Amino acid sequence: MNRTVLDLWVGFFVAIGVAAVMFLALKVGNLSTAHLSETYVLQAKFDNIGGLKVRGPVKSAGVVVGRITDIQFDSATYEAVVTMSIDGRYRFPKDTFASIFTAGLLGEQYIGFDAGGDEKMLKAGDTIAKTQSAVVLEKLISQFLFSKAADGQDKK
């Protein structure tokens, strides 16, 4: 094989490798998702957001309907205020319930919407009133241990 042909093939495969790494980086960073329609902003207040992150998914019935755009701490109510950008194609009733879930046993956390039955729909800038905070595994374990310790004291 000629040296220039060999260099050409090596360059070709290096370019494919760089493109593959860029593709994986965009997938992992959630930067490859583009909204085709307009979005509207909703907010929700949680007591504990666990490991929720900006650009995390907002899902309803397993379908990604939006992304988390901002997380702030409200020092007046001592709650986390999560701002979400929801795809304009999806509308939710006023009594929608927002919960923080974990994908798998130890996967990423996301916000899940459970739609209610109200006829009035949420609009841009509204705050979701019904929320359920993240389940913190350490808190569950400590509650279990303390309840077992209390049971042991009662039997004596």
Side-chain angles (χ1 to χ4, degrees), residues 16 18-156:
I16 288 176
V18 168
V21 168
M22 290 295 293
F23 174 76
L24 288 174
L26 290 174
K27 280 291 191 186
V28 168
N30 286 331
L31 299 176
S32 62
T33 57
H35 293 289
L36 299 176
S37 65
E38 289 188 26
T39 61
Y40 62 99
V41 176
L42 295 177
Q43 288 187 336
K45 293 183 178 184
F46 295 95
D47 291 331
N48 189 341
I49 61 167
L52 203 61
K53 292 181 175 63
V54 174
R55 285 195 313 269
V58 177
K59 296 181 179 183
S60 182
V63 177
V64 176
V65 296
R67 293 273 172 198
I68 298 167
T69 56
D70 190 31
I71 299 173
Q72 298 287 324
F73 181 73
D74 185 2
S75 58
T77 61
Y78 300 106
E79 293 178 317
V81 179
V82 178
T83 306
M84 301 161 282
S85 179
I86 307 298
D87 194 330
R89 296 177 292 177
Y90 309 112
R91 295 289 174 191
F92 294 96
K94 283 247 187 220
D95 60 347
T96 296
F97 206 93
S99 303
I100 298 177
F101 295 114
T102 304
L105 187 59
L106 297 173
E108 71 170 346
Q109 290 191 319
Y110 64 94
I111 294 180
F113 281 176
D114 291 321
D118 198 347
E119 292 180 9
K120 296 178 185 170
M121 296 293 174
L122 290 167
K123 56 185 180 297
D126 281 352
T127 300
I128 297 175
K130 299 177 182 180
T131 61
Q132 180 181 356
S133 295
V135 175
V136 181
L137 201 54
E138 293 86 3
K139 199 180 227 183
L140 283 175
I141 292 171
S142 68
Q143 287 176 347
F144 174 75
L145 291 176
F146 284 129
S147 71
K148 287 296 179 186
D151 289 346
Q153 291 290 350
D154 292 341
K155 290 181 181 177
K156 286 183 179 181

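Nothing here was measured: the structure is a model prediction, and the numbers come from that model. When reading the values below, keep in mind they use all heavy atoms of this one structure, side chains included, and skip hydrogens, waters and symmetry mates.
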Original post:
For Asp70, which residues count as a side chain to side chain donor-acceptor pair (under 3.5 Å) partner, sequence neighbours excluded?
Top reply: Gln72
Subject >> Reported CD1-to-NZ distance for the pair Ile111 and Lys59, which is rounded to 0.5 angstrom >> reply: 12.0 Å
Subject >> Atom pair CG/OG of Leu42 and Ser85 - distance to nearest 0.5 Å >> reply: 9.0 Å
Subject >> By side-chain contact (heavy atoms from CB on, under 4.5 Å) - contacts of Phe73 (at least two apart) >> reply: Ser75, Tyr78
Run the side-chain donor-acceptor check on residues 45-53: report pairs under 3.5 Å with partners two or more places apart or on a different chain.
from: Asn48; atom 1: OD1; to: Gly50; atom 2: N; distance (Å): 2.8

Original post:
Looking only at heavy atoms, what is the nearest atom pair of Gln109 and Ala134, with distance?
Top reply: NE2-CB, 3.9 Å
Original post:
Roughly how far apart are Met84 CE and Ile68 CD1, rounded to 0.5 Å?
Top reply: 7.5 Å
Original post:
Is there a side-chain contact (heavy atoms from CB on, under 4.5 Å) between Val65 and Asp87 once you walk through the steps?
Top reply: CA-CA 6 Å; Val65 296; Asp87 194 330; 5.5 Å; no
Original post:
Is any side-chain heavy atom of Lys94 closer than 4.5 Å to a side-chain heavy atom of Asp126?
Top reply: yes
Original post:
If you look only at pairs with a residue in residues 112-139, which of them pass as a ring pair (Phe, Tyr, Trp, His ring centres under 6.0 Å), with sequence neighbours excluded?
Top reply: Phe92-Phe113
**OP:** With sequence neighbours excluded, tell me which residues meet ring-ring contact (aromatic ring centres under 6.0 Å, His included) with Phe97.
**Re:** none
What pairs of donor and acceptor atoms, side-chain ones from residues 116-125 against any protein atom, are under 3.5 angstrom apart with sequence neighbours left out?
from: Asp118; atom 1: OD1; to: Lys120; atom 2: N; distance (Å): 3.3

**OP:** For Thr69 and Thr83, indicate whether the former's side chain and the latter's backbone hold a donor-acceptor pair under 3.5 Å.
**Re:** yes
